Structure formats: structure tokens, C-alpha cells
Number of protein chains: 2
Amino acid sequence: MPGTPAVPAGKRPTLADVAARAGVSTALVSIVMRDAKGASAATRERVLQAAREIGYRPDARARLLRSQRSRLLGVQFGLQHPFHTDLVEGLYAAAEPAGYQIALSAVAAGRGEQRAVESLLADRCEALILLGPQAPAARLAELAGQLPVVSVARRLRPSVPGLEVVRTADDEGARQAVDHLVALGHRDIVHIDGGRAPGAADRRRGYRTAMNRHGLAEHIRILPAGLTEEDGADAARALSADRPHPTAVMAFNDRCATGVLDVFLRAGIAVPDDISVVGFDDSHLARLAHIDLTTVGQDIPRLAHLAVSRAVARLEGDKSPAGEDVITPRLVVRSTTAPPSL
Amino acid sequence: MPGTPAVPAGKRPTLADVAARAGVSTALVSIVMRDAKGASAATRERVLQAAREIGYRPDARARLLRSQRSRLLGVQFGLQHPFHTDLVEGLYAAAEPAGYQIALSAVAAGRGEQRAVESLLADRCEALILLGPQAPAARLAELAGQLPVVSVARRLRPSVPGLEVVRTADDEGARQAVDHLVALGHRDIVHIDGGRAPGAADRRRGYRTAMNRHGLAEHIRILPAGLTEEDGADAARALSADRPHPTAVMAFNDRCATGVLDVFLRAGIAVPDDISVVGFDDSHLARLAHIDLTTVGQDIPRLAHLAVSRAVARLEGDKSPAGEDVITPRLVVRSTTAPPSL
DNA sequence: ACTTGGAGTCCGGGGGACCAA
DNA sequence: CTTGGTCCCCCGGACTCCAAG
């Protein structure tokens with residue numbers, strides 16, 4: 001029954017099947033499929049025709065097996081982090097022109113970083129791009145001993161050998177947020193902290209430094225929290241019991257800020273009239289018109305591009321010591337900040 | 001230099017390397033690595049020790065190549081859809097106990113479904129789980145001719161052969177939303193429509209049917225929109241120019257509803273006091289305390305579990321014709337709905 | 001008679017050597 | 001000598017068969 005995609009019961013067609021149908025050798029079929037030279041136009045067409053008929057599709061794994069290179073960049077990301085999914089979008093865009101593919105491995109409830117990385121390694125990725133990794137530095141160093149590793153959005157001591165770092169200047173971002181609030185007239189500015197999350201230490205430090213520089217040392221106040229909406233909400237609840245309220249809050253990130261906004265809303269605390277709120281990341285979340293969060297913007301496409309570039313450079317033989325790209329953030333003023341109402 | 005993880009410059013260790021170091025054959029190493037029988041405890045330990053020392057890690061691809069089975073389920077999902085990322089989390093959880101792995105392929109800006117699926121096929125996935133696929137039915141049918149395909153959250157005519165379907169009863173969900181609103185006293189209920197998005201037709205139909213059954217035929221009003229926040233915002237802007245406003249809005253999904261909420265907020269239209277809003281999905285988004293959206297809840301863990309089950313059943317030789325699981329949704333009442341203020 | 005371990009083959013495809021016009 | 005095409009071995013690991021202990 002010609003024309004029927006002859007799928008012999010679950011077995012997918014191979015080079016040999018195409019070769020048999022086209023009446024040529026498998027090597028020739030290989031040449032045609034790779035678009036390499038060494039086949040006449042007529043034969044080429046005949047082979048492609050045969051391949052179409054039986055629904056042939058090259059097996060990426062077998063191909064990689066032979067060709068040492070996999071041209072695969074393994075990406076670990078947090079499924080529920082808008083900042084990460086935005087980055088992944090940028091990584092896809094950056095990897096393609098460089099001739100690399102992306103293999104995704106999610107960190108989610110019940111699937112830790114360890115598992116995510118293992119699956120990437122087993123899949124023979126040539127390099128790892130880790131988004132906001134929380135693993136101990138020692139573990140990352142160990143990985144970097146095996147293959148090029150790029151840490152995105154987490155600062156690491158340069159002493160971690162072989163580890164490439166691409167990150168935003170978190171301290172500078174925190175400074176911008178504080179400067180903005182101070183310029184608006186705020187003095188009583190609280191930082192809702194990310195705890196041990198990547199970047200949290202720098203943002204905390206930047207907040208401290210900026211407050212000090214503005215002569216607001218005695219107003220420094222840091223509430224321990226974390227990187228989720230719930231963390232932000234918890235901190236905000238603690239805060240809303242205070243009298244008087246602080247006039248401004250700088251949250252660890254957008255998710256956290258979202259939780260803060262919510263609690264304030266319910267507590268009848270108006271934003272920005274009663275309290276101003278600043279987030280961090282400028283992820284999709286912040287841009288939701290409904291939230292419209294003033295936030296410290298990370299240049300996501302740029303971070304993604306640099307991460308890919310660093311990975312590729314290492315893969316293509318760059319022997320220079322591992323380096324670091326630090327991107328300057330840019331404050332995005334939206335509607336959650338305003339002068340204090342005194 | 002014993003103890004040093006001898007990584008011979010970029011080349012990862014293979015079975016042979018371990019064998020050489022342990023002084024045994026590769027076959028024996030294979031046995032040990034697979035935890036198969038055929039090796040003494042002493043040898044086993046010796047081999048494992050050697051493997052650890054040189055940092056050996058089995059090559060998943062080579063393994064699959066030989067074993068015909070890849071035990072890999074390919075998942076296509078939308079990076080920016082909270083509903084999808086929630087589902088992916090469920091898929092990971094469901095696949096593991098069944099002994100399968102998940103390969104992720106994202107649909108994003110600049111990366112369409114075609115591309116996403118191609119990469120999954122090239123990776124030798126044994127079955128495809130497509131989240132809210134927008135591809136033409138004919139294309140899906142073609143895929144289903146090659147391997148088991150499960151469509152999640154999109155209804156397809158049973159005439160599409162070989163295609164498994166797992167979905168929520170969208171029409172029933174829309175009905176629940178309308179019933180809820182009518183019970184609160186609403187009559188002027190607008191539907192902001194998902195256009196050609198998966199599920200949109202059924203939700204639209206469910207809305208129509210329910211409105212008719214409540215004798216509200218002349219209040220039926222459907223605004224064309226789509227599945228993003230921006231689509232919802234556009235529709236809401238059109239709506240807020242109306243006098244009098246409708247008293248309730250049923251949005252296509254949570255993202256769309258979020259856009260609606262935003263525009264209303266800015267236009268000074270209070271939710272739920274002036275207008276009630278209902279979403280669909282009960283994704284992470286709806287649960288954000290800040291949004292706290294009344295929504296038609298899809299049972300995400302269940303959908304994920306069923307999708308995996310159907311894929312696995314087909315792979316393990318179930319020859320029964322392709323089927324469909326239709327899950328009943330359950331309305332989750334939060335704070336965006338209330339009686340109309342007359 | 002078992003147990004333990006080795007040699008050889010296969011999976012799907014890549015690519016260099018080599019042969020035929 | 002090119003161009004077109006074939007042969008053969010290799011990649012990394014798994015499994016069957018066999019032989020040695």
C-alpha cells in the first residue's frame with residue numbers, strides 16, 4: 001500500500017530502512033540527511049523521497065554518540081520562578097544562533113537540584129547553565145571540574161575554580177532601589193530579605209550600604225523572609241502589626257513583593273499611598289498591569305546571551321581562567337512607589 | 001596520582017576506563033553499574049570504587065540506544081503558562097513511579113510547537129504529552145500515527161485516530177461559573193472568550209448553555225479575546241466603556257482574568273463590589289493572595305497522572321482504541337465574586 | 001553444578017579510506 | 001583527478017553465549 005507511512009509496529013525507521021527503500025547504501029543516506037556533499041541532486045531527491053515516505057527521522061542520540069560533540073547545553077531552572085522562565089526563553093534565543101541546543105531540567109517540588117543536574121549529565125550535555133543554583137559552592141566546584149558550568153544570578157567567590165558567573169550587580173540594584181525611595185522622601189525603609197537565596201546577601205549588603213550613605217543607619221531594618229510569595233506575605237504580616245508602619249519596603253524579588261502587596265491590600269494599607277513597595281527582577285510578574293510593580297530590572301536577554309556565550313567560549317577551547325560578567329541593573333519605576341504621605 | 005579525579009581533558013570516562021582501572025572486563029562493569037546479578041560482592045565494591053575515583057557516569061543515550069526502549073516521555077509545554085508549569089510539576093511526579101523520565105520542550109516566543117515537537121522526536125521519546133496543543137488536528141493525527149500522543153487540556157474529535165485525550169470538562173466548568181454567579185444574583189454576565197485557544201470553544205458553549213438555562217438568553221455577550229493577560233486587559237477596556245457595566249465577567253482563564261482585574265482596578269471599578277470576576281484553571285496565579293481569584297479549578301495532579309497513565313498504557317502494549325478522560329472541574333470561590341450591588 | 005568473568009555482537013549513525021566511472 | 005557512492009570500523013554501553021574457576 002504505497003503512500004502509507006509504513007510504521008512497522010512501533011519500530012522507528014532507521015538509515016538502513018531508508019537505504020533499502022531507495023536502493024542505496026546507508027552511508028549515502030547519511031550523507032543526504034546531513035546535507036553533506038557527495039551525492040548527486042537526483043539521488044538526493046530519491047533518498048529524501050524515500051525518507052519522507054517511511055517517516056524517517058534521524059536519531060539525535062545515536063548521532064551524538066558517534067560525533068563526540070553533543071552541542072547540548074543543559075539548563076537547570078525553577079519551574080515556578082517567572083524570572084527563570086523568562087531567562088529560559090532568552091537562552092533558547094541565544095543558543096540557536098550559536099549552533100547549540102538546549103536541554104531543560106526543572107527544579108520543582110519533589111525534584112531537587114541534584115536530580116535535575118544528574119539527568120542533564122546523563123544526557124551528555126557539554127556544559128551546564130544553572131539558574132539561581134542553591135547548591136553548596138563545593139558541589140558547584142566539583143561539577144566545574146567535570147565540565148564547563150555557568151552560574152546565572154548567583155555570585156560565587158572567584159576561588160571556586162572553573163566556574164563561570166553571569167549575574168546582575170545585586171548590591172547596585174539594591175542601592176538604586178534605596179536611592180529611588182530616598183529621593184521620593186522616604187527614610188523609614190525596610191528590607192524584606194531573601195535569606196539564603198542566590199543574590200540575597202548582596203542585595204542585603206547593598207541596602208545596608210545605601211542606607212548608611214544616606215545617613216539612615218538607625219532606620220536599617222531587615223526582615224528575614226525568602227523568595228516566594230508566601231515568604232513575602234509572612235513578612236508583611238509581621239510588618240503591618242507595627243505602629244507606625246515603615247513608609248517603604250524593598251522586597252527581595254518580585255514574587256516576594258507580590259506577597260507583600262497582597263497582605264497590605266487586605267490589611268487596608270494602601271500602596272503606594274501608605275507604603276511604597278519595590279521588587280527585584282522585573283519578571284513577567286512585575287509587568288502584569290494588575291501588579292505594576294516598581295522593581296529593579298535585570299537585563300534578562302543580556303544575562304541569557306552572556307551565559308550562552310561563556311559556555312560556548314569554554315567549549316570552543318577558550319583556555320582563559322573562568323570569569324564573571326556583572327550586569328548593571330536598571331530601576332523600572334511603575335506604580336507601587338510614591339512620596340510618603342506626611 | 002591516585003585520588004585525583006583523572007578527567008583526561010574533556011573526555012568523560014566510559015565503561016572501559018572503569019574496567020581498566022578495576023582490572024576487569026567492561027561487561028562486568030556493566031553488570032555492576034546496572035546492579036544486575038553476576039558479580040561477587042567483593043568485585044562489585046572494587047568496581048564501584050574505581051567508578052567513583054574517575055567520576056564515571058553512565059551515558060544515558062548510549063544505554064537507550066542499545067536497549068531500544070528510551071522510557072522517555074516527551075512533554076511540550078508553554079513556558080509562560082502557569083497552568084502548564086503546574087502540570088509539568090505533576091508530570092514529573094507521576095512519571096517517576098511509573099519508571100519513566102520526562103523530556104521537556106518549551107514553546108516560547110520564537111519557538112513554535114513544530115520545533116518543540118521535532119526536538120522531542122529526535123530525542124527518541126517514546127510518547128508525546130502535549131499541553132494545550134494548538135496545532136491543527138491533522139498534524140496531531142499524523143503524529144499519533146508515529147507514536148502514542150496524549151493531548152492534555154484540548155478536546156479533539158474522537159475521529160482523530162490514535163490520539164489520547166485528557167481534559168477537564170470545560171463546558172461543565174463554564175456552567176459552574178455561571179451557576180455560581182447567578183446564585184449570587186447576577187444576570188448580566190459577560191464571557192471574555194479565549195478565541196481559538198484549546199478549551200475555548202467548550203467554555204464558550206458551556207457559558208451559552210448555562211445562560212440559556214437560566215433564562216438569561218438576552219444577556220449573553222461574548223467578547224473575543226485570548227489567553228494572555230493582555231488579551232484580557234483589552235477586553236476589559238472595551239467593557240469598562242460600557243454603561244451600564246455588566247455585573248459579572250467570566251474570563252477564559254486565570255491569565256486573562258488577571259488582565260481584566262488590572263484594568264478594572266485602574267478604571268476605578270471595584271472587584272467584587274462593582275463587578276465580579278471568575279477565572280479558569282486555578283493555577284498558581286489565581287492562588288496568589290494578591291489576586292485571590294475565584295476560578296474554575298482544574299484538578300492538575302489528576303490530569304498529570306492520567307496523561308502519564310495513558311501514555312504508559314499505550315507503550316506497554318494496551319491495544320484498545322485511543323480514549324479520553326474527562327475530569328470534572330470544581331469551582332474555587334475566592335474573593336473576586338460577590339452579589340451584585342443593586 | 002554453580003558462580004564469576006570474558007569475548008563478541010548489536011543498537012543507529014558518522015566519517016575516512018577506497019573504488020567506480 | 002573529480003564526482004558519486006560504498007565499505008568498514010568506531011562511538012558507549014548492554015546482552016547473549018561460553019569458558020574458566
Side-chain angles (χ1 to χ4, degrees), chain A residues 7-8 10-48 50-51 54-72 121-126 146-147, chain B residues 7-8 10-48 50-51 54-72 121-126 146-147:
Chain A
V7 182
K11 210 146 166 19
R12 40 186 279 186
T14 73
L15 274 188
D17 298 322
V18 179
R21 184 168 185 106
V24 297
S25 72
T26 60
L28 187 51
V29 177
S30 170
I31 285 171
V32 173
M33 297 316 292
R34 281 177 288 140
D35 211 19
K37 57 173 183 165
S40 66
T43 316
R44 209 172 278 279
E45 185 43 49
R46 199 151 50 87
V47 169
L48 287 175
I54 64 178
Y56 170 75
R57 180 181 306 278
D59 182 328
R61 308 184 121 82
R63 179 175 274 173
L64 302 184
L65 181 57
R66 171 66 205 202
S67 67
Q68 293 311 62
R69 300 288 314 264
S70 73
R71 305 195 75 85
L72 213 48
L121 290 177
D123 280 348
R124 228 175 188 44
C125 291
E126 297 188 311
Q146 305 178 231
L147 77 177
Chain B
V7 181
K11 212 147 165 17
R12 38 187 282 183
T14 72
L15 273 188
D17 299 321
V18 179
R21 184 167 187 106
V24 298
S25 73
T26 61
L28 189 49
V29 177
S30 168
I31 287 171
V32 173
M33 296 316 293
R34 281 176 289 135
D35 212 19
K37 58 173 182 167
S40 64
T43 314
R44 209 173 277 277
E45 185 43 48
R46 201 152 46 87
V47 169
L48 287 175
I54 64 178
Y56 171 74
R57 179 183 304 280
D59 182 328
R61 307 185 120 84
R63 179 177 274 173
L64 301 183
L65 183 56
R66 167 68 202 204
S67 64
Q68 294 305 57
R69 298 288 314 263
S70 75
R71 305 194 76 83
L72 211 50
L121 291 177
D123 280 347
R124 229 174 188 41
C125 290
E126 298 189 313
Q146 305 177 229
L147 78 178

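Keep in mind it's a predicted model, so treat the numbers as computed, not measured. Numbers restart at 1 for each chain; the letters A, B, ... are given by sequence-line order, proteins then strands.
Contact of the B:R46 side chain with the B:V24 side chain is registered, since non-hydrogen atoms from C-beta on lie closer than 4.5 Å. Between B:Y56 and B:R21 there is no side-chain heavy-atom pair separated by less than 4.5 Å. A heavy-atom distance below 4.5 Å is found between the side chains of A:T43 and A:V47. Annotation: side chain of A:L121 is in contact with side chain of A:L147 (closest heavy-atom distance under 4.5 Å). Side-chain contact between B:Q146 and A:R57 is present, with heavy atoms from C-beta onward closer than 4.5 Å. With contacts defined as side-chain heavy-atom distances shorter than 4.5 Å, the pair A:L72/B:R61 qualifies.
Distance B:D59 CG to D:dA14 C1': 12 Å, rounded to the nearest Å. The CZ atom of B:R46 sits 12 Å away from the C1' atom of C:dT4 (whole-angstrom rounding). Look at CG on A:L64: it is 9 Å from P on C:dG14, rounded to the nearest Å. The CG-C1' distance, from A:D123 to D:dG12, rounds to 14 Å in whole Å. Taking atom CD of residue B:E45 and atom C1' of nucleotide C:dT4, one finds them 17 Å apart after rounding to whole Å. The nearest whole Å value for the distance from the CG atom in B:L15 to the C1' atom in D:dC11 is 12 Å.
Contact check of residues 28-40 of chain A against DNA chain C (heavy atom, cut-off under 4.0 Å) returns A:S30, A:R34.
A:R124 comes within 4.0 angstrom of sugar-phosphate atoms only, judged by non-hydrogen atoms across all strands, and of no base. Among the atoms of the strands shown, only primed sugar atoms or phosphate atoms (P, OP1, OP2) are found under 4.0 Å from some heavy atom of B:T43. B:R57 comes within 4.0 angstrom of sugar-phosphate atoms only, judged by non-hydrogen atoms across all strands, and of no base. Residue contacts shown for A:R44 are absent, as no nucleic acid heavy atom lies under 4.0 Å away.
Toward the 5′ end of DNA chain D lies the nearest nucleotide of A:A41, the other residue of the pair A:T26 and A:A41 mapping further downstream. When each of A:A16 and B:V24 is assigned the nucleotide of DNA chain C with its nearest heavy atom, B:V24 is the one assigned upstream, toward the 5' end. Both A:L65 and B:G23 lie near DNA chain C, and the one whose nearest nucleotide falls closer to the 5' end is B:G23.
Using the Watson-Crick or G-U wobble rule with both distances under 3.5 Å, C:dC18 pairs with D:dG5.
Residue B:R63 places at least one side-chain N or O under 4.0 Å from the OP1 or OP2 atom of D:dA14. OP1 and OP2 of D:dG12 both lie 4.0 Å or more from every side-chain N or O belonging to B:Y56. For C:dG12, the OP1/OP2 oxygens have no side-chain nitrogen or oxygen of A:T14 closer than 4.0 Å.
Between the A:S70 side chain and the A:R124 main chain, a donor and an acceptor come within less than 3.5 Å of each other.
You'll find that the side chain of A:S25 is closest to D:dT6, out of D:dA14, C:dG12, D:dT6.
A salt bridge links B:E126 with B:R69: the distance from a Lys NZ or Arg NE/NH1/NH2 to an Asp or Glu carboxylate oxygen falls below 4.0 Å.
No side-chain donor-acceptor contact under 3.5 Å links B:R44 and B:S40.
Looking at every heavy atom in both residues, A:L28 comes nearest to A:A39 through CD1-CB, 3.8 Å.
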Grab the N/O contacts between the protein and nucleotides 17-19 of chain C below 3.5 Å, and write none if there aren't any.
none

